[in-house]
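Structure first, commentary second.
Treat the numbers as computed from the prediction; the structure is a model and nothing was measured.
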Amino acid sequence: MPSSGLAGLKHWRHDLVAGLQVALLWTPFSLGVALASGAPAIAGLISAIVAGLLSPFLGGSHVTVSGPAAALAPVLLWGMLLLGQGDLAVGYPLVLVAIVLTGAFQLLLSGLRAGQYATMLPATVVEAMLASIGIMIIVRQIPAWLGAPAVPSGSVLDSLSILPSQLLSAQWQVAAVGVISLGLMFALRRKASGLWRWIPAAIVVAAFGILSSTVLGFDASLRIAMPENIVDGIHLPAFAQFFSNSELWITMALVVFTFTMIDAVESVASVKAVDKIDPWRRKSDANKTLRAMGVCNLTSGMIGGLTVIPNAVPSRSNIDSGAHTLWSNLYSGLFLLVFAVVLPELLKLIPLAAIAGILIYIGWRLCEPALFIRMLAVGRDRFLVFTSTVVAILLTDLLWGMFIGVAIELALLIYLLMPSVRYVLNGRIDPQSSFRLLAGNFASLFRNPVIKHRSQDDDGRTTHVFTLGSLVGFNLLPLQKSLERLPESDGVLLRFTESARIVDHTSAEFLQHFEEEAASHGRAFNVEGMEHFYAFSAHPLAARMQESRIAHQIAERDGRAQQMASLAQRLGLGFSPEVAASINRHDFVYLRRGDHRELSNLIHGSWAGGQIRLFDYSHTSAPDYHMPHRHTLVIHELPAGVTLPDFVLTPGHYLERYLVNLNESAHLEEAPGYRLYVPADSPVPKVPPHIFETLRQAGPLYIEIRHGVLLAFSPSRELEDEHHAQLLAKLAEALSTAE
């Protein structure tokens, strides 16, 4: 695992390449965020440079990239309009004051270790906030995208109301550049191998914009305005104006509070998202991250930059480019500084329509229909909270909309825990008892869920047993802190009692993440009592309730489940159709990839002297983090007498970026087109001939041997038919007899 701090500098080759890619992405991206915020374009570059140069020395995360975020653009624009009373030129220096004060407030909160409390915000409300921001970005960038004059507005409704009149002034040549730019962003998100995969799509769009605007003769008003040098772009906060005008103080307090709230929520959401796709599954420190953002915001605001937060978009690019440590931020900051000093004349040629195309694409990724479909799959309750919060944010603003979303979440929990009115009307429960029961259930939403904690010895290993009541996002923190205080070598057993009424979506997500971390550290972790709950949907992260009166109904198996059940019966193995979280217990390279990892239609049991698991697997990965990729996998623990070296056999360059700490071995004449990877400093293994025979029958296959366990699947096919699934089982059987 790559070390943090100065020890991580030895990975400079990987981090330097990743830093260059991030800088190429950041250049048009940061300019666009600044323009969407109503600030000068150079302000975006300044904040990205500040974050890159400072964050590696402040720590808190591992491969997360910090800088200006498109998600904060609507908030910054709102702050400028509010403080400047509709005048962006007046509001910009005052917003710099708000950014500096926000940074100071973040430092205070980090000292109080308040970063941990951001995790109490319901996960669905955070998702809704990001989706709403995506809609805001799209609506507000349409005029610039089509060459119409931009009119700043304080709300999405205002932007929509003036949009028809703006579009009457659209220019078809500019609109053509904007439409093609957006089309390129979508077309290039799945880039082919070779040079194209190293060039960010945003750079291609910026280059196209420069070429097309030069050929079409766009005037300066249709292009980015940049100063002659970066020093001329430095603006100081208007402290004198703020302190001399007491009427601004209440407004400033509201803006600073909003910035701090949104920054904290977005930072925690981004860091958690990046931690989940970090190949080494390292965990960030929320309070250190908050402190780092405080220092960066103080510095950025003092010299005219925007707010700085951990950013998921460049962080994903950073990981995909092979970054090992936080030092890639430093290299990206240095590259950005060089670009700002050397290329200001070139940056001036980028048309606003191309930048708008990039931002509309980013907005689309935040709110695309696949996200709504995924929320519905998690459960109707999540879809209700999600859509209601989105509507509330669009009708009010981000801060009030989030408060409304939390209130809706709380109201829904109260409704679910409320005794049925039918029981009161038919006399089964009196009104007083009904209210007492409701009050007790309501209090349990905020009470420490840990009823009892004891330790026990299990074959020489300490196991901590936690007896739990209802577990929801609002009372999750005490359990989280209790678990963090335990030694990583100790086992954990969570036992839900009969008094536990509900486990919500936020808590289910936390339990899954904890189980993944436990598996990565070889830690024993079990949950008891969950079998008495019924899930709101088939999704593994669905909310669950415990209700003895409700009969559990087994859904009729669909065609795929019947097909896998038939195969299990033919192989003499057990079968389970339920959807469950996939835990990477053997640290396979492939299973580190992406997010939302789930398995279903599990065939399992003893096979060829070992244990086999054959199942349908789905996950999300770049660039489609809402669309699942599905394959049928086999995982087989080979018999103890079979000793095979660790290696990865891939068709072509498949997953090359994820094969960290593995070196490509010699060319395989028996398998043309395949590449063999082995751990660093390991000899070239002798690949069993059974594998080549299976490749000819069922290829192309990805095959990984790790610590005597096999993982195999076909990257070119999705869910396997019975014939090919049986070939995977036969591969496991053949390897069990390998010498």
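Aromatic ring pairs are classed by plane angle as parallel below 30°, tilted from 30° to 60° and perpendicular above 60°; the pair His14 and His11 is tilted.
Counting all heavy atoms, side chain and backbone alike, His596 lies closest to Arg374 at CE1-NH1, 3.4 Å. Taking every heavy atom of both residues into account, His539 and Arg544 meet most closely at O-NH2, 4.3 Å. Shown here for Tyr331 and Gly19, the closest heavy-atom pair between the two residues is CB-CA, 4.3 Å.
Checked against a 6.0 Å centroid threshold, the rings of Tyr617 and His631 do not count as neighbours. For Trp364 and Tyr361, the ring centers sit 6.0 Å or farther from each other. The aromatic ring centres of Tyr590 and His619 sit less than 6.0 Å apart.
In this structure, CG in Leu695 is found 6.0 Å from CG in Leu649, a value given to the nearest 0.5 Å. The line from OG of Ser315 to CG of Asn329 is 7.5 Å long, rounded to the nearest 0.5 Å. If you take OG on Ser66 and CG on Asn311, they are separated by 8.0 Å, rounding to the nearest 0.5 Å. Residue Phe372 holds its CZ atom at 10.5 Å from CD of Glu127, rounded to the nearest 0.5 Å. The distance from atom CG of Leu130 to atom CG of Leu366, rounded to the nearest 0.5 Å, is 6.0 Å. Here CE of Met564 is found 8.0 Å from CG of Leu602. Values are rounded to the nearest 0.5 Å.
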> Between Glu722 and Arg570, does a salt bridge (Lys or Arg N to Asp or Glu O under 4.0 Å) hold up when you go through it step by step?
Replying inline: CA-CA 10 Å; Glu722 288 188 58; Arg570 190 160 61 250; 2.8 Å; yes

>> Using salt bridge (Lys or Arg N to Asp or Glu O under 4.0 Å), reason through Glu484 and Lys283 one step at a time and then give a plain yes or no.
In response: CA-CA 12 Å; Glu484 288 174 350; Lys283 189 174 182 180; 3.8 Å; yes

>> Phe647 vs Tyr677, test: ring-ring contact (aromatic ring centres under 6.0 Å, His included). Steps then yes/no.
In response: CA-CA 6 Å; Phe647 66 83; Tyr677 296 86; over 10 Å; no

>> Working note: Arg495 + Glu528, criterion salt bridge (Lys or Arg N to Asp or Glu O under 4.0 Å); need CA distance, chi angles, decisive distance, verdict.
In response: CA-CA 5 Å; Arg495 181 173 291 151; Glu528 293 182 356; 2.8 Å; yes

>> Applying salt bridge (Lys or Arg N to Asp or Glu O under 4.0 Å) to Asp587 and Arg706, what does each step give before you reach the verdict?
In response: CA-CA 8 Å; Asp587 196 26; Arg706 192 161 181 85; 3.2 Å; yes

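Looking at Ile703 and Leu731, their side chains come closer than 4.5 Å, going by heavy atoms from C-beta outward. Side-chain contact check for Val274 versus Val63: some heavy-atom pair is nearer than 4.5 Å. Side-chain contact between Leu676 and Val648: absent, with no pair of heavy atoms (C-beta onward) separated by less than 4.5 Å. In this structure the side chain of Ser332 never reaches within 4.5 angstrom of the side chain of Phe335, judged on heavy atoms. By the 4.5 Å heavy-atom criterion applied to side chains, Arg523 and Phe514 are counted as neighbours. Side-chain contact between Thr325 and His62 is absent, with no heavy atoms from C-beta onward closer than 4.5 Å. At least one side-chain heavy atom of Leu573 sits less than 4.5 Å from a side-chain heavy atom of Trp607. The shortest distance between side-chain heavy atoms of Pro28 and Ile203 falls below 4.5 Å.
A donor-acceptor contact closer than 3.5 angstrom is absent between the side chains of Ser317 and Gln21. Gln697 and Glu693 share a side-chain donor-acceptor pair at under 3.5 Å. In summary, the side chains of Arg675 and Thr650 do not present any donor paired with an acceptor at a separation below 3.5 Å, with no hydrogens or angles considered. Side chains of Asp15 and His324: a donor-acceptor N/O pair is absent below 3.5 angstrom, by distance only.
Checking side-chain atoms of His604 against main-chain N and O of Ile612 turns up no donor-acceptor pair under 3.5 Å. At least one donor-acceptor pair under 3.5 Å links the side chain of Ser507 to the backbone N or O of Leu471. Ser270 contributes a side-chain N or O that, together with a main-chain N or O of Pro310, makes up a donor-acceptor pair within less than 3.5 Å. Judged by distance alone, with hydrogens and angles left aside, the side-chain atoms of Glu704 form a donor-acceptor pair with the main-chain N or O of Val589 at under 3.5 Å. Checked by atom type and distance alone, the side chain of Thr124 never pairs as donor or acceptor with a backbone atom of Phe386 at under 3.5 Å.
Heavy-atom contacts from other residues, nucleotides or ligands closer than 6.0 Å to CZ of Arg461 number more than 12.
The salt bridge (Lys or Arg N to Asp or Glu O under 4.0 Å) contacts involving residues 607-621 comprise Arg560-Asp616, where partners must be two or more places apart or lie in separate chains.
For Ser284, the side-chain hydrogen bond (donor to acceptor under 3.5 Å, both in side chains) criterion is met by Asp275, not counting sequence neighbours.
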